[in-house]
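Structure first, commentary second.
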Amino acid sequence: MNTVLRRSAAVGGLTGAAVLITAVPAFAHVSVQPTSAEKGSYSTVAFKVPNEQDSANTIKVEVSLPTDHPIASVSTQPVPGWTVQVTKSKLKTPLKTDDGTVNEAVQKITWTGGKIAPSEFQQFTVSLGPLPDNADQLVFKAVQTYDNKDVVRWIEPQQQGQAEPEHPAPTLTLTAAPAANTAANTAAKGATAAVAAAPSSSGSTDTTARVLAVIGIAIGLLGVAYGVLTGRRRDSTTPSA
């Protein structure tokens with residue numbers, strides 16, 4: 001019986017080790033966090049870059065922004081020990097924004113000068129916007145360089161319904177605006193239309209009078225409630241005979 005138990009434990013240990021070895025790469029991908037953002041929004045994301053090697057440091061990180069959906073505004077957050085270089089390219093089709101027309105957009109961001117040691121990771125934070133409202137995702141291609149001259153290219157897009165590729169590209173999922181915001185906007189538009197359509201003669205006067213009456217009643221009720229609470233406080237503080 002003891003022999004059987006020992007063999008079972010050994011097999012279980014080997015199986016568990018195999019599972020862990022298989023699972024390690026899944027946690028070592030270069031990724032973008034958070035993984036989703038609203039369409040049309042300005043968002044701040046971080047590219048999380050872990051070191052996959054045991055005896056080499058990551059010394060360079062490059063992130064390419066999608067050219068099929070260029071982003072008008074891109075800014076980077078300083079990372080201690082690292083120098084950032086932003087490369088722009090001229091757009092074939094200029095982007096129209098609230099601040100005017102944009103003729104060029106950021107094509108690539110490169111961080112150098114620092115290091116990510118084995119078993120460590122670094123986050124590189126970027127502000128982006130406005131995010132496209134005609135796409136469901138943004139794919140960022142990343143290239144990671146080690147001081148032993150190894151280069152890992154995280155550039156493979158994830159295909160729906162297929163297994164994850166060996167070196168998946170960081171992907172930001174774009175979601176629609178919350179329904180609550182849409183409902184609020186619709187209600188606001190409806191209220192504006194109702195006010196605009198309201199009669200400007202005696203009908204508007206009656207409406208104004210009713211609104212003022214309701215406000216007066218509400219203020220009166222608040223006054224009564226305040227008086228009751230004040231009386232109770234006085235009663236509670238009055239010493240008993």
Side-chain angles (χ1 to χ4, degrees), residues 16-37 41-91 102 104-132 135 137-159 162-174:
V19 170
L20 288 176
I21 292 174
T22 304
V24 167
F27 295 96
H29 298 339
V30 173
S31 60
V32 59
Q33 298 179 353
T35 58
S36 64
S41 68
Y42 285 79
S43 298
T44 299
V45 300
F47 294 96
K48 184 177 180 181
V49 182
N51 189 322
E52 290 186 309
Q53 299 200 8
D54 296 328
S55 57
N57 300 315
T58 294
I59 57 173
K60 182 179 181 181
V61 175
E62 301 170 79
V63 175
S64 295
L65 276 65
T67 56
D68 54 344
H69 295 289
I71 301 173
S73 176
V74 177
S75 58
T76 60
Q77 185 178 57
V79 181
W82 293 81
T83 300
V84 62
Q85 179 181 356
V86 177
T87 304
K88 295 184 178 181
S89 62
K90 191 172 182 178
L91 298 174
V102 178
E104 61 179 10
V106 174
Q107 179 183 12
K108 183 171 63 175
I109 306 174
T110 305
W111 290 271
T112 56
K115 70 175 183 178
I116 307 173
S119 301
E120 295 181 355
F121 71 90
Q122 180 64 59
Q123 291 189 345
F124 301 91
T125 304
V126 179
S127 176
L128 306 168
L131 299 178
Q137 65 178 16
L138 291 178
V139 178
F140 302 91
K141 295 183 178 181
V143 178
Q144 181 178 11
T145 302
Y146 290 87
D147 56 9
N148 61 359
K149 298 185 179 181
D150 283 352
V151 177
V152 182
R153 303 181 184 276
W154 305 95
I155 62 174
E156 301 176 65
Q158 174 69 56
Q159 301 296 334
Q162 297 184 11
E164 184 180 68
E166 184 177 359
H167 297 99
T171 301
L172 180 68
T173 301
L174 301 180

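Values in this document were obtained by computation on a predicted structure and should not be read as measured data.
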Side chain of Asn51, backbone of Ala56: donor and acceptor closer than 3.5 Å?
yes
For the side chain of Asp147 and the backbone of Asn57, is there at least one donor-acceptor N/O pair under 3.5 Å apart?
yes
For Thr58, the option from Glu120, Gln144, Gln53, Lys115 that meets side chain to side chain donor-acceptor pair (under 3.5 Å):
Gln144
Between the CD atom in Gln107 and the CG atom in Leu65, the distance rounded to the nearest 0.5 Å is 9.0 Å
NZ of Lys149 to CD1 of Ile59, rounded to nearest 0.5 Å, is 10.0 Å
Say you draw a straight line from CD1 of Ile155 to CD of Glu62; how long is it, rounded to the nearest 0.5 Å?
11.5 Å
Quick one: closest heavy-atom pair of Glu166 and His29, and the distance?
O-CE1, 4.1 Å
Quick one: OG1 on Thr87 to CD on Glu104, what's the gap to the nearest 0.5 Å?
11.0 Å
Looking at every non-hydrogen atom in both residues, tell me the closest pair between Ile71 and Ala105 and how far apart they are.
O-CB, 3.6 Å
Can you tell if the side chain of Ser64 reaches within under 4.5 Å of the side chain of Phe140, non-hydrogen atoms only?
no
Could you walk me through whether Ser43 and Leu128 pass the side chain to side chain contact (heavy atoms under 4.5 Å, CB included) check?
CA-CA 5 Å; Ser43 298; Leu128 306 168; 5.7 Å; no
Heavy atoms only: give me the nearest Arg153-His167 pair and the separation to one decimal.
O-CB, 3.3 Å
Is a donor on one side and an acceptor on the other found under 3.5 Å between the side chain of Thr171 and the backbone of Ala169?
yes
Is any side-chain heavy atom of Gln33 closer than 4.5 Å to one of Gln123?
yes
So, does Asn148 use its side chain to make a donor-acceptor pair with the main chain of Asp150 at under 3.5 Å?
yes
Close side-chain approach of Val30 and Pro170, heavy atoms under 4.5 Å:
yes
How close do Leu138 and His69 get, heavy atom to heavy atom, and via which atoms?
CD2-CB, 3.9 Å
Give me the atom names and distance for the closest heavy-atom approach of Pro165 to Pro157.
CG-O, 3.9 Å
What verdict does the side chain to side chain contact (heavy atoms under 4.5 Å, CB included) test give for Ile116 and Val49, after you've listed the backbone C-alpha separation in whole Å, the side-chain angles of each residue and the deciding distance to 0.1 Å?
CA-CA 8 Å; Ile116 307 173; Val49 182; 3.9 Å; yes
Taking all atoms of both residues into account, what is the closest heavy-atom pair of Glu52 and Tyr146, and its distance?
N-OH, 3.1 Å
Just say parallel, tilted or perpendicular for the rings of Phe124 and Trp111, cut-offs at 30° and 60°.
tilted
Checking Val74 against Ile109 for the side chain to side chain contact (heavy atoms under 4.5 Å, CB included) test, could you report, in this order, the C-alpha distance in whole Å, the side-chain angles of both residues, the deciding distance, and whether it holds?
CA-CA 10 Å; Val74 177; Ile109 306 174; 4.0 Å; yes
